[in-house]
Participant: 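Questions regarding the structure given below will be posed in turn.
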Amino acid sequence: MSETEESFKAVQLDQNAAESTKPEPEIPQPYLSGADPTSTQTPETGERTPAPASTEAAQGGRWTSAVEQFKLKRFFVLRPGTLDHAIEDIKAVVNPKDDGAVESIWLMAEIDHWNNEKERLVLITENSLLICKYDFIMLNCEQIQRVPLNFVDRITHGAFSFPPRSLLKREGEGVRVFWDRLREPSFTSRWNPLAVDYPYTTLTYHPVRNVSDKLARMCEIHTFREQLTAAAQKAHARNPVPGKANGVLVLNQPILIEAYVGLMSVIGNQNKLGYCLARGNIGF
């Protein structure tokens, strides 16, 4: 073997030995306590980059969900057995002769002419629409408004609206049931927050509608409107009212609430004063 070949091999072996002695690249270590869980480390520079925004959004969503669940637990209607007890109490006051058989029961919120929300149980029977004020704390029915179905002449549904200069607003949609389209509220009734002589009622979703499938069905205003329209049409056919046009007019239009300032409704609706809630200890 020549001297040139021997030197070439020696150089090649020296290069291989030098490459084998180079330090291996540093492997990033897993997250340990004390490090920032919301950031990641790049192996090239060692710098930490913030976690994706989706992680922070998920954490915020879980927190919001927990707060909402805590608020919903304050409603007495969600206590085990309370709603079933209320339904049995309401059925007991139904007059089979005048009202007929009960067709459906609904859990809703009634909105008065001053934009105040009030918790209500609503029953559709063969001949009547029953709007019940029920005390879910003391478990007793305090008031019932009975509307004959053959007097229902108009049903409107849609989003809520207010006069142009009103300071109030309300999200969502509702249903308004009229039973005397020829009678308009008087001036004193419009400005009296306690007036109960209005010829219509306005209903919307109850706040607990998303808790369970059963409550979702009981609070669904679209299904309520369809069943009420069908029941009223049948009542008009069975027992028409002399001097009134038989049938129900159904309109899809904004529901106007003629309230302008309504400081009482703002305070009451924010604190859910129209609902049976556990409000904590009061006193010293």
Participant: Please round to the nearest 0.5 Å and tell me the distance separating atom CG of Leu228 and atom CH2 of Trp106.
Facilitator: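 Answer for the CG-CH2 pair, Leu228 versus Trp106, is 9.5 Å.
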Participant: Work out which heavy atom in Met138 is nearest to a heavy atom in Asn140; give both atom names and the distance.
Facilitator: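 Minimum heavy-atom contact is CB-OD1, 3.3 Å.
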Participant: Just grab all the salt bridge (charged side-chain N to carboxylate O under 4.0 Å, His left out) pairs involving residues 95-111, residues at least two apart or on different chains.
Facilitator: Asp99-Arg146, Glu110-Arg120
Participant: Start with the C-alpha gap between Glu119 and His206, add the side-chain angles, then the distance that decides, and say whether side chain to side chain donor-acceptor pair (under 3.5 Å) holds.
Facilitator: CA-CA 7 Å; Glu119 193 171 36; His206 195 285; 2.8 Å; yes
Participant: For Ser166 and Leu168, indicate whether the former's side chain and the latter's backbone hold a donor-acceptor pair under 3.5 Å.
Facilitator: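 The answer is yes, because a donor-acceptor pair under 3.5 Å joins these two groups.
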Participant: Distance check, rounded to the nearest 0.5 Å: Leu215 atom CG versus Phe75 atom CZ?
Facilitator: 11.0 Å
Participant: Evaluate ring-ring contact (aromatic ring centres under 6.0 Å, His included) for Phe178 paired with Tyr200, printing each intermediate quantity in order.
Facilitator: CA-CA 4 Å; Phe178 296 82; Tyr200 61 79; 5.2 Å; yes
Participant: Just to verify, which of Asp89, Ile90, Leu83 counts as forming a side-chain contact (heavy atoms from CB on, under 4.5 Å) with Ile87?
Facilitator: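 Answer to the side-chain contact (heavy atoms from CB on, under 4.5 Å) test with Ile87 among Asp89, Ile90, Leu83: Leu83.
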Participant: When you group the ILVMFWY residues by side-chain heavy-atom contacts below 4.5 Å and let the links chain together, are Leu273 and Val266 in the same group?
Facilitator: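 Val266 and Leu273: separate clusters.
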Participant: Would you check if there is a donor-acceptor pair between the side chains of Arg176 and Thr202 at a distance under 3.5 Å?
Facilitator: yes
Participant: How far does CG of Leu251 sit from OG1 of Thr156, to the nearest 0.5 angstrom?
Facilitator: 7.0 Å
Participant: Run the side-chain hydrogen bond (donor to acceptor under 3.5 Å, both in side chains) test against Trp114 and tell me which residues pass, sequence neighbours left out.
Facilitator: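 Not a single residue meets the side-chain hydrogen bond (donor to acceptor under 3.5 Å, both in side chains) criterion with Trp114.
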Participant: Give, for atom NZ of Lys272 and atom NZ of Lys118, the distance between the pair rounded to the nearest 0.5 Å.
Facilitator: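 So the NZ of Lys272 and the NZ of Lys118 are separated by 15.5 Å.
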Participant: Look only at the side chain of Asp112 and the backbone of Asn116, and say whether a donor-acceptor pair between them is shorter than 3.5 Å.
Facilitator: yes
Participant: Can you name the residues that form a side-chain hydrogen bond (donor to acceptor under 3.5 Å, both in side chains) with Lys214, not counting sequence neighbours?
Facilitator: Asp84
Participant: Please, which pairs that meet side chain to side chain donor-acceptor pair (under 3.5 Å) have at least one residue in residues 260-271, sequence neighbours excluded?
Facilitator: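 Sorted result for residues 260-271: empty, none.
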Participant: Who clusters with Leu256? Use side-chain heavy atoms, under 4.5 angstrom, across I, L, V, M, F, W and Y, and order the result by chain and number.
Facilitator: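 Traced through the cluster, Leu256 reaches no other member.
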Participant: Going by heavy atoms in the side chains, are Lys73 and Leu78 under 4.5 Å from each other?
Facilitator: no
Participant: Does Ile111 share a hydrophobic cluster with Val122, counting links as ILVMFWY side-chain heavy atoms below 4.5 Å and allowing steps through other members?
Facilitator: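 No, no single cluster joins them.
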Participant: Under a 4.5 Å side-chain heavy-atom rule over Ile, Leu, Val, Met, Phe, Trp and Tyr, are Val147 and Val241 clustered together?
Facilitator: yes
Participant: So, Thr204 side chain and Ala109 main chain: donor-acceptor pair closer than 3.5 Å or not?
Facilitator: no
Participant: Run the numbers on Ile124 and Leu129 for side chain to side chain contact (heavy atoms under 4.5 Å, CB included), then give the verdict.
Facilitator: CA-CA 5 Å; Ile124 299 177; Leu129 173 67; 4.2 Å; yes
Participant: Nearest 0.5 Å, what's the CG-CZ distance between Leu107 and Phe136?
Facilitator: 5.5 Å
Participant: What residues form a salt bridge (Lys or Arg N to Asp or Glu O under 4.0 Å) with Lys91, not counting sequence neighbours?
Facilitator: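 Listed in chain order: nothing, the list is empty.
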Participant: If I compare all heavy atoms of Ala259 with all of Pro163, which pair ends up nearest, and what's the gap?
Facilitator: O-CD, 3.8 Å
Participant: If the condition is side-chain hydrogen bond (donor to acceptor under 3.5 Å, both in side chains), which residues does Arg209 pass it with, not counting sequence neighbours?
Facilitator: none
Participant: Give the C-alpha distance, both sets of side-chain angles, the deciding distance and a yes or no for side chain to side chain contact (heavy atoms under 4.5 Å, CB included) between Phe224 and Leu203.
Facilitator: CA-CA 10 Å; Phe224 166 77; Leu203 302 169; 3.7 Å; yes
Participant: Any side-chain heavy atom of Ile144 sitting closer than 4.5 Å to one from Ile131?
Facilitator: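 Side-chain contact under 4.5 Å: no.
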Participant: Using the rule given for side chain to side chain contact (heavy atoms under 4.5 Å, CB included), can you reason through Val248 versus Arg154, listing the C-alpha separation, both sets of side-chain angles and the distance that settles it, and then say yes or no?
Facilitator: CA-CA 5 Å; Val248 181; Arg154 183 168 41 139; 5.9 Å; no
Participant: Between the side chain of Thr223 and the main-chain N/O of Glu220, is any donor-acceptor distance below 3.5 Å?
Facilitator: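 Not confirmed, Thr223 side chain does not pair with Glu220 backbone.
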Participant: Going through the checks in order, is the ring-ring contact (aromatic ring centres under 6.0 Å, His included) test met by Phe162 and Phe160?
Facilitator: CA-CA 7 Å; Phe162 292 86; Phe160 295 104; 7.8 Å; no
Participant: Val208 versus Val77: any side-chain heavy-atom pair under 4.5 Å?
Facilitator: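 SC-SC contact between Val208 and Val77 confirmed.
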Participant: Do Ile105 and Val175 belong to the same hydrophobic cluster, where Ile, Leu, Val, Met, Phe, Trp and Tyr are linked whenever their side-chain heavy atoms lie under 4.5 Å apart, directly or via other members?
Facilitator: no
Participant: Residues two or more places apart in sequence or in another chain: which of them pass salt bridge (Lys or Arg N to Asp or Glu O under 4.0 Å) with Lys234?
Facilitator: none
Participant: Minimum heavy-atom separation for Ala231 to Leu149, with atom names?
Facilitator: CB-CD1, 3.7 Å
Participant: Listed by chain and number, what are the side-chain contact (heavy atoms from CB on, under 4.5 Å) partners of Leu167, not counting sequence neighbours?
Facilitator: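 Per chain and number, Leu167 pairs via side-chain contact (heavy atoms from CB on, under 4.5 Å) with no residue.
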Participant: Look at the side chain of His157 and the backbone N and O of Glu173, then say whether any donor-acceptor pair between them is shorter than 3.5 Å.
Facilitator: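 Flag not set: sc His157 to bb Glu173 has no pair under 3.5 Å.
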Participant: Who passes salt bridge (Lys or Arg N to Asp or Glu O under 4.0 Å) against Asp213, sequence neighbours left out?
Facilitator: none
Participant: Do the side-chain N and O atoms of Gln227 and Ser104 include a donor-acceptor pair separated by under 3.5 angstrom?
Facilitator: yes
Participant: Check side-chain hydrogen bond (donor to acceptor under 3.5 Å, both in side chains) between Glu117 and all other residues, then give those that pass, not counting sequence neighbours.
Facilitator: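 Partners of Glu117 under the side-chain hydrogen bond (donor to acceptor under 3.5 Å, both in side chains) test: Arg170, Tyr275.
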Participant: Answer whether the closest heavy-atom distance between the side chains of Trp179 and Thr201 falls below 4.5 Å.
Facilitator: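 Yes - at least one pair of side-chain heavy atoms lies under 4.5 Å apart.
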Participant: Taking only residues two or more places apart in sequence, or in another chain, which ones meet Glu142 in a salt bridge (Lys or Arg N to Asp or Glu O under 4.0 Å)?
Facilitator: Lys133
Participant: Return the CE to OH distance between Met108 and Tyr205, rounded to the nearest 0.5 Å.
Facilitator: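 The OH atom of Tyr205 is 8.5 Å from CE of Met108, to the nearest 0.5 Å.
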Participant: Measure the shortest side-chain to side-chain distance between Ile255 and Ser161 over non-hydrogen atoms and say whether it is less than 4.5 angstrom.
Facilitator: no
Participant: Are Leu130 and Val94 side-chain neighbours, meaning at least one heavy-atom pair lies under 4.5 Å?
Facilitator: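 Side-chain contact under 4.5 Å: yes.
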Participant: Answer whether the closest heavy-atom distance between the side chains of Val152 and Val177 falls below 4.5 Å.
Facilitator: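 Counting from C-beta outward, Val152 and Val177 do come under 4.5 Å.
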Participant: Report yes if the side chains of Val102 and Leu123 come closer than 4.5 Å at any heavy-atom pair, otherwise no.
Facilitator: yes
